[in-house]
Amino acid sequence: MSDLTQLEYSRTQSTATDSATSDETRGLIVTAAQAADDRKAVDIVLLKVSEVCYLADYFAIVTGFSNVQVRAISQAIADQVEEEWGRLPLRTQGLSDASWVVMDYGDAIIHILKPQEREFYNLEAFWGHAERIDFSSAEEC
């Protein structure tokens, strides 16, 4: 294979892998949102931040109304993502206080907040320039 052909092949493979990874990450974030919804989380927002952020490709922001519910949502997400995608979070922060839990899957970051914290930090406004994914239609994918 010539160097030029090999380079073109590498680019094609890289693009195909990136696309598959992006689809997988989108599936993971939708799975997390569904698990949160099953635990009665409200105001579920999914953001595709890959174009505006180097931290991750997707964010999920959800609300739980008590420390117990926030922990339950976090556990449900961890269980469902592990079952469907075979992945555990790289790190989870905030479980001891449980007013704001962050689950980091590398390419997807999930924020589970109580209403006061969600209103105060207003992550949707901070990441307002990111593409918003409608959760109701994302469920059908």
Side-chain angles (χ1 to χ4, degrees), residues 1 3-141:
M1 194 180 296
D3 289 339
L4 183 58
T5 307
Q6 193 170 20
L7 180 61
E8 290 172 355
Y9 177 77
S10 295
R11 284 185 185 151
T12 304
Q13 291 302 94
S14 175
T15 304
T17 303
D18 292 345
S19 176
T21 302
S22 180
D23 291 345
E24 180 180 312
T25 305
R26 182 183 172 102
L28 185 148
I29 206 75
V30 169
T31 297
Q34 290 168 335
D37 189 51
D38 290 347
R39 288 287 176 214
K40 308 297 184 215
V42 297
D43 200 14
I44 298 170
V45 173
L46 304 179
L47 300 173
K48 182 177 181 183
V49 296
S50 59
E51 300 297 320
V52 296
C53 171
Y54 68 90
L55 296 173
D57 293 335
Y58 290 90
F59 283 176
I61 306 167
V62 307
T63 299
F65 290 102
S66 68
N67 297 9
V68 172
Q69 186 186 19
V70 167
R71 284 187 193 103
I73 292 166
S74 173
Q75 188 62 54
I77 290 170
D79 291 345
Q80 197 65 35
V81 168
E82 182 179 12
E83 181 180 317
E84 289 188 29
W85 297 97
R87 292 180 56 186
L88 296 171
L90 301 172
R91 62 191 73 65
T92 300
Q93 295 291 318
L95 281 173
S96 59
D97 181 43
S99 59
W100 180 0
V101 172
V102 178
M103 302 175 74
D104 181 359
Y105 283 90
D107 45 4
I109 298 176
I110 301 148
H111 301 270
I112 310 161
L113 301 97
K114 288 175 46 181
Q116 300 85 348
E117 286 74 10
R118 184 152 180 183
E119 182 180 343
F120 181 80
Y121 290 104
N122 199 3
L123 296 176
E124 293 93 332
F126 188 77
W127 295 105
H129 49 292
E131 179 186 340
R132 201 174 188 129
I133 298 167
D134 182 34
F135 175 57
S136 59
S137 67
E139 288 181 301
E140 297 164 8
C141 295

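All residue numbers refer to positions in the sequence shown, counting from 1. Just so we're clear, the structure is a prediction, and the values are computed from it rather than from any experiment. When reading the values below, keep in mind they use all heavy atoms of this one structure, side chains included, and skip hydrogens, waters and symmetry mates.
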Candidates Ile61, Val102, Ile73 - the one meeting side-chain contact (heavy atoms from CB on, under 4.5 Å) with Ile112 | Ile73

Listed pairs under 3.5 Å, donor-acceptor, residues 74-81 side chains, sequence neighbours left out:
from  : atom 1 : to    : atom 2 : distance (Å)
Gln75 : NE2    : Asp79 : OD1    : 2.8
Gln80 : NE2    : Glu84 : OE2    : 2.6

Taking only residues two or more places apart in sequence, or in another chain, which ones meet Phe65 in a ring-ring contact (aromatic ring centres under 6.0 Å, His included)?
-> none

Of all the heavy-atom pairs spanning Met103 and Pro89, show the shortest one and how long it is.
-> CE-CG, 4.2 Å

Could you walk me through whether Leu47 and Glu131 pass the side-chain contact (heavy atoms from CB on, under 4.5 Å) test, one step at a time?
-> CA-CA 6 Å; Leu47 300 173; Glu131 179 186 340; over 6 Å; no

Does Asn122 have any side chain to side chain donor-acceptor pair (under 3.5 Å) partners at least two apart in sequence or in another chain, and if so, which?
-> none

Locate the shortest heavy-atom distance separating Pro115 from Gly64; write the atom from each residue and the value.
-> CD-O, 3.3 Å

Partner residues of Lys48 under the side chain to side chain donor-acceptor pair (under 3.5 Å) criterion, sequence neighbours left out | none

Drop me the distance from Tyr58's OH to Ile133's CD1, to the nearest 0.5 angstrom.
-> 4.5 Å

For Ala56 against Val49, the heavy-atom pair lying closest together | O-CG2, 3.4 Å

Counterpart residues, salt bridge (charged side-chain N to carboxylate O under 4.0 Å, His left out), relative to Arg87 (two or more places apart) | Glu24, Asp107

Could you pull out all residues at least two apart from Trp127 that satisfy ring-ring contact (aromatic ring centres under 6.0 Å, His included)?
-> Phe59

Can I get a per-line list of side-chain donor-acceptor pairs under 3.5 Å for residues 92-99, giving both atom names and the distance, sequence neighbours left out?
from  : atom 1 : to    : atom 2 : distance (Å)
Asp97 : OD2    : Ser99 : OG     : 2.6

Is there side-chain contact between Asp37 and Ile44, with at least one heavy-atom pair below 4.5 Å?
-> yes

For Ala108, what residues pass the side-chain contact (heavy atoms from CB on, under 4.5 Å) criterion, not counting sequence neighbours?
-> Thr25, Leu28, Ile29, Tyr105

Pairs flagged by salt bridge (charged side-chain N to carboxylate O under 4.0 Å, His left out) wherever residues 51-75 is involved - sequence neighbours left out | none

Kindly write out the residues that satisfy side-chain contact (heavy atoms from CB on, under 4.5 Å) with Asp43, not counting sequence neighbours, or none if the list is empty.
-> Val45, Thr63, Arg118, Glu124

Going by the ring pair (Phe, Tyr, Trp, His ring centres under 6.0 Å) test, which pairs reach into residues 70-103, not counting sequence neighbours?
-> Trp100-His111, Trp100-Tyr121

Hey, mind stepping through Gln69 and Arg39 against side-chain contact (heavy atoms from CB on, under 4.5 Å) and telling me if it holds?
-> CA-CA 8 Å; Gln69 186 186 19; Arg39 288 287 176 214; 5.6 Å; no

